[in-house]
There are 2 protein chains.
Amino acid sequence: MATIKEVAKEAGVSVATVSRVINNNGYVNDETRKRVEKAIQSLNYQPNDVARSLFKKQSQTIGLMVPDIMNPFFPELARAVEDTASKLGYTVILCNTDEDIEKEQMYLNTLLRKYIDGLIVVSNTLTAKQIKRLNVPVVTVDREISKDIPTIIVQNTAGGRMATRYLKEIGCERIAHLKGPDHIRNANERCCGYKEEVHNEPWFKEDYIIEGHYEMESAIKATYQLLTRYPDIDGIFAGNDIMAIGAIKAVHQLGKKVPDDVAVIGFDGIALAKAATPELTTIAQPIYEMGRMAANLLIDLIEKKKIEKTFYNLEVELVKRQST
Amino acid sequence: MATIKEVAKEAGVSVATVSRVINNNGYVNDETRKRVEKAIQSLNYQPNDVARSLFKKQSQTIGLMVPDIMNPFFPELARAVEDTASKLGYTVILCNTDEDIEKEQMYLNTLLRKYIDGLIVVSNTLTAKQIKRLNVPVVTVDREISKDIPTIIVQNTAGGRMATRYLKEIGCERIAHLKGPDHIRNANERCCGYKEEVHNEPWFKEDYIIEGHYEMESAIKATYQLLTRYPDIDGIFAGNDIMAIGAIKAVHQLGKKVPDDVAVIGFDGIALAKAATPELTTIAQPIYEMGRMAANLLIDLIEKKKIEKTFYNLEVELVKRQST
DNA sequence: TTGTACGCGTTATCAC
DNA sequence: GTGATAACGCGTACAA
């Protein structure tokens with residue numbers, strides 16, 4: 001890789017002039033600019049980002065911290081973030097944390113040492129204090145960490161209501177809820193929406209709410225138990241799509257049919273939901289849009305642009321498919 | 001962030017000494033080491049990676065270039081790469097290319113300018129020449145680019161044979177193949193394995209091979225056509241799991257049953273396959289293992305360790321589930 | 001065993 | 001309009 005010095009020599013000017021041409025600032029004669037540009041061409045010169053970063057204390061790089069990229073929600077988010085960032089001249093570092101405090105702290109340090117410009121984070125365990133220490137803009141997605149950290153979430157409670165109400169509308173008379181983990185806020189919110197819709201129903205029992213871990217195995221087991229104990233359940237609202245798919249499996253295992261005997265609705269709107277059989281009805285989050293907004297907001301923050309809002313509570317959408 | 005200079009002042013030594021204790025090389029008195037360490041503690045000093053990179057011309061960062069992280073094969077690969085890299089002190093930059101030559105070239109440039117230490121790449125379009133220009137170690141995964149670039153692939157032909165043979169074993173007498181895109185080598189290899197198993201069968205027709213794009217929609221359409229035209233097909237080997245799921249959908253649409261009327265087998269072993277209904281029988285690649293090996297190999301290359309092999313052709317495994 | 005001084009490739013400030 | 005030159009923070013000859 002050629003350096004700015006070599007370009008300067010080639011063009012018979014000083015490095016300062018080359019720098020001016022590259023960054024397009026300060027006065028420079030048209031004549032000399034041409035010469036410099038030719039030198040840049042012929043040496044195939046590319047500015048060294050590392051040297052630039054050292055001087056500017058920024059790296060045109062952002063971090064994306066997620067629990068686990070293998071969780072189907074995150075690839076779409078990551079894709080959106082990466083698309084948007086790269087369009088705006090930023091590069092993305094991928095961090096999987098498993099929500100493990102040590103891994104998170106480790107990554108925070110690494111990112112700091114690399115002069116990261118900003119961070120997009122999905123985490124329940126990270127504290128506002130740790131984030132402040134970073135001293136760079138941070139945007140949280142899918143989960144709130146603190147009021148004064150820019151956040152992009154969806155209307156989970158409304159979504160929970162929407163899902164439950166829809167099950168009622170299509171005729172379900174005993175609706176259970178497969179709740180997500182208790183320590184995750186959105187799981188409780190979705191559950192809240194469910195409760196608001198059913199707590200006045202004569203048939204409602206607290207036992208109709210059963211907790212899973214936002215993954216399939218536990219959802220299968222939970223559903224199995226639920227339906228064995230309460231065979232007249234005819235509708236299940238699962239806290240996320242993976243659990244909904246697990247629920248469908250359990251229903252089938254018990255020799256019942258989806259949606260005829262039991263209707264199932266999920267939450268998230270991951271791609272997987274379309275691939276399931278029967279195709280999953282779900283409350284879809286605008287996942288790509290969330291990633292796009294997070295990246296845009298973060299980069300506006302980094303570049304100190306005027307910001308309109310730093311808190312987005314996006315709407316969810318009922319996507320009717322075959323499982324209801 | 002404190003700098004090495006501040007630490008030096010705090011400890012009453014020179015920066016050189018501080019550098020020595022940080023990097024643990026050169027002589028340094030136990031006494032002074034203690035003092036320096038205390039200063040580091042009290043200032044919460046972290047070495048500046050950017051300055052380090054500038055000096056060392058390396059960044060403890062690798063690139064991971066994939067067509068699209070939303071494609072279910074890649075999250076697991078990415079997770080493996082990131083796990084392994086971070087364990088070894090490296091950070092991962094995520095690059096989605098859509099196999100678009102321009103995006104690839106753009107990323108190559110960016111990575112170069114960031115003193116990337118190495119690159120793991122999945123691509124059909126990238127040429128050996130472009131890769132050489134990078135001047136850093138590169139490992140390709142899932143697809144071969146050139147004989148002299150370290151590569152990790154699986155035995156696609158053997159896998160194709162294995163899938164087809166299994167369908168025969170379980171009694172299928174008219175087996176079709178949903179082939180992947182013609183420009184992707186592994187699609188042709190898998191198809192090859194299929195042909196080897198069926199070309200001597202009296203019932204075999206070239207028409208039993210039909211091309212899809214490694215995604216669901218085209219697979220559904222293709223299967224639909226296939227089964228309409230040749231209703232006696234009772235087994236389908238799909239080039240990847242997504243297409244297999246599409247095939248299952250099409251079979252259902254036609255009012256037939258999987259596996260009773262038509263058995264379906266996929267290829268890849270993505271997580272999605274377990275979530276499908278019926279659960280998908282597939283030829284599983286050791287995806288995580290491939291990512292792990294790629295990262296390990298790459299980092300060995302970067303650190304100029306002794307390398308045993310630079311070409312791995314891994315075995316695939318028949319995973320029997322409900323779709324056959 | 002420790003310190004001085006230079007270089008890594010840029011950018012920005014200040015003379016000219 | 002252009003050119004020296006001092007940072008940016010670190011690692012390492014070389015001298016002491």
Side-chain angles (χ1 to χ4, degrees), chain A residues 1-37 39-40 43-61 89 109-117 135-136, chain B residues 1-37 39-40 43-61 89 109-117 135-136:
Chain A
M1 271 197 2
T3 74
I4 198 173
K5 226 181 266 176
E6 304 178 55
V7 175
K9 190 189 289 180
E10 173 82 11
V13 299
S14 77
V15 292
T17 304
V18 179
S19 177
R20 285 191 195 99
V21 174
I22 295 166
N23 299 297
N24 213 2
N25 60 9
Y27 300 97
V28 36
N29 190 317
D30 268 4
E31 193 67 23
T32 49
R33 158 168 286 125
K34 291 258 166 59
R35 278 219 312 286
V36 171
E37 274 163 354
I40 289 179
L43 291 178
N44 202 339
Y45 167 75
Q46 307 252 104
N48 181 322
D49 277 349
V50 177
R52 244 179 206 184
S53 294
L54 180 60
F55 186 87
K56 297 238 207 175
K57 293 181 188 306
Q58 47 159 46
S59 55
Q60 298 293 111
T61 300
N109 287 336
T110 321
L111 296 177
L112 205 58
R113 295 162 53 146
K114 284 188 184 298
Y115 277 159
I116 213 83
D117 294 339
N135 252 335
V136 297
Chain B
M1 273 197 1
T3 74
I4 199 172
K5 224 181 266 176
E6 303 178 57
V7 175
K9 190 190 288 178
E10 173 83 10
V13 298
S14 76
V15 292
T17 304
V18 178
S19 177
R20 284 190 196 99
V21 332
I22 293 168
N23 300 297
N24 214 2
N25 60 8
Y27 301 95
V28 36
N29 190 316
D30 268 5
E31 192 68 22
T32 49
R33 157 168 286 126
K34 290 256 164 60
R35 280 218 312 288
V36 171
E37 276 163 353
I40 289 179
L43 291 179
N44 202 339
Y45 168 74
Q46 307 250 103
N48 182 321
D49 277 350
V50 177
R52 243 179 207 185
S53 293
L54 181 58
F55 183 85
K56 298 237 209 175
K57 292 180 187 308
Q58 48 158 48
S59 56
Q60 298 292 110
T61 300
N109 286 336
T110 330
L111 295 177
L112 205 59
R113 295 161 53 146
K114 285 189 184 297
Y115 277 161
I116 213 84
D117 295 340
N135 250 336
V136 298

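Quick note on labels: first sequence line is chain A, next is B, and so on, each numbered from 1.
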Residues in side chain to side chain donor-acceptor pair (under 3.5 Å) with B:Ser53, at least two apart?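 Residues passing side chain to side chain donor-acceptor pair (under 3.5 Å) with B:Ser53: none at all.
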
What does B:Asn23 touch in the nucleic acid at a heavy-atom separation under 4.0 angstrom: a base, only the sugar-phosphate, or nothing?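 The residue B:Asn23 makes sugar-phosphate contact but no base contact.
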
Across the strands shown, which category fits A:Gln46 at heavy-atom distances under 4.0 angstrom: base, sugar-phosphate, nothing?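 If one applies the 4.0 Å heavy-atom cut-off, A:Gln46 turns out to touch the sugar-phosphate alone, with no base involved.
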
Report, one line per pair, each donor and acceptor closer than 3.5 Å where one atom sits in a side chain of residues 21-31 of chain B; sequence neighbours left out.
unit_1: B:Asn23; atom_1: OD1; unit_2: B:Arg52; atom_2: NH2; d: 3.4
unit_1: B:Asn23; atom_1: ND2; unit_2: B:Ser19; atom_2: O; d: 3.0
unit_1: B:Asn23; atom_1: ND2; unit_2: B:Ser19; atom_2: OG; d: 3.3
unit_1: B:Asn29; atom_1: OD1; unit_2: B:Glu31; atom_2: N; d: 2.7

Among the nucleotides C:dG9, D:dC8, D:dC10, which one has an atom lying closest to any side-chain atom of A:Thr3?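 Of the candidates, C:dG9 comes closest.
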
Shortest side-chain distance from A:Phe55, nucleotide among D:dG9, C:dT11, D:dG11: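 That would be C:dT11.
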
Any side-chain heavy atom of A:Val136 within less than 4.5 Å of one from A:Tyr115?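 When only atoms from C-beta onward are counted, A:Tyr115 and A:Val136 do not touch, as no gap falls below 4.5 Å.
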
Atom pairs under 3.5 Å, N or O on each side, protein against nucleotides 3-5 of chain D: can you list them with distances?
unit_1: D:dG3; atom_1: OP2; unit_2: A:Ser14; atom_2: N; d: 3.0
unit_1: D:dG3; atom_1: OP2; unit_2: A:Ser14; atom_2: OG; d: 3.4
unit_1: D:dG3; atom_1: OP2; unit_2: A:Thr17; atom_2: OG1; d: 2.6
unit_1: D:dG3; atom_1: N7; unit_2: A:Arg20; atom_2: NH2; d: 3.3
unit_1: D:dG3; atom_1: O6; unit_2: A:Arg20; atom_2: NH2; d: 2.5

Under 3.5 Å donor-acceptor pairs involving side-chain atoms of residues 10-18 of chain A, not counting sequence neighbours:
unit_1: A:Ser14; atom_1: OG; unit_2: A:Ala16; atom_2: N; d: 3.3
unit_1: A:Ser14; atom_1: OG; unit_2: A:Thr17; atom_2: N; d: 3.4

A:Ile4 CD1 - D:dT2 C1' separation (whole Å):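 Interatomic distance, CD1 of A:Ile4 to C1' of D:dT2: 14 Å.
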
Separation of atom NZ in B:Lys9 from atom P in C:dG3, rounded to whole Å: 15 Å

For DNA chain D, which residues of residues 25-34 of chain A approach it to below 4.0 angstrom with any heavy atom?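 By residue number: A:Tyr27, A:Val28, A:Asn29, A:Thr32.
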
Roughly what angle, to 10°, lies between the helix axis at the start of the helix from C:dT1-D:dA16 to C:dC16-D:dG1 and the one at its end, five pairs per end? 50°

